[in-house]
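Atoms considered below: every heavy atom in the structure, side chains included; atoms not considered: hydrogens, waters and symmetry mates. In listed order, ligands and their atoms are each counted from 1.
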Amino acid sequence: MLAFAVALALMPAEVSAHAFPDHSDPRVGHSVEAPGSVRIWFDGAIEPVFSTVRVEDGGRRRVDAGDARVDPKDSTLLEVSLPTLPPGTYKVFWSVVARDGHRTEGAFPFQVK
Ligand SMILES: [Cu+2]
């Protein structure tokens, strides 16, 4: 029981040290006109060398420009350029390493109308 209480007490600091998405453009699950890029803002700084994002179409073909990068002026912003996308459903896959060295990853869809 004591170990459990200690684990709970330690958890907030540990969780906050990881990087999780705060918001994105396009927004998760939203329908947009062909976007020029996908941008994801995290709740903390991420490591440029180990953080990446890619975009796939409904046929699982990669459609982004291959220039995924962390904004040099904002270490919480991960972005990748897009060509003009035809209407359809797309999926964004992101993987980042926070300043504490821990990796988080995830995926979300958006639609182009
Ligand atoms: Cu961590």
Problem - Considering only N, O or S atoms of Asp100, the one closest to the Cu ion (ligand 1) - result: OD2
Exercise for the section: State plainly whether the residues Arg69 and Glu79 are in salt-bridge range, i.e. N to O under 4.0 Å. Expected result: yes
Practice task
Among the N/O/S atoms of His102, select the one at the shortest distance from the Cu ion (ligand 1) and name it.
Solution key: ND1
Exercise for the section: Determine which pairs satisfy ring pair (Phe, Tyr, Trp, His ring centres under 6.0 Å) with at least one residue from residues 73-93, sequence neighbours left out, and list them in order. Expected result: Tyr90-Phe110
Exercise for the section: Not counting sequence neighbours, which residues clear ring pair (Phe, Tyr, Trp, His ring centres under 6.0 Å) with Phe108? List them please. Expected result: none
Fill in the blank from the handout: For His18, the N, O or S atom at the shortest distance from the Cu ion (ligand 1) is ND1
Problem - Salt bridge present between Arg62 and Asp64 (N-O < 4.0 angstrom) - result: yes
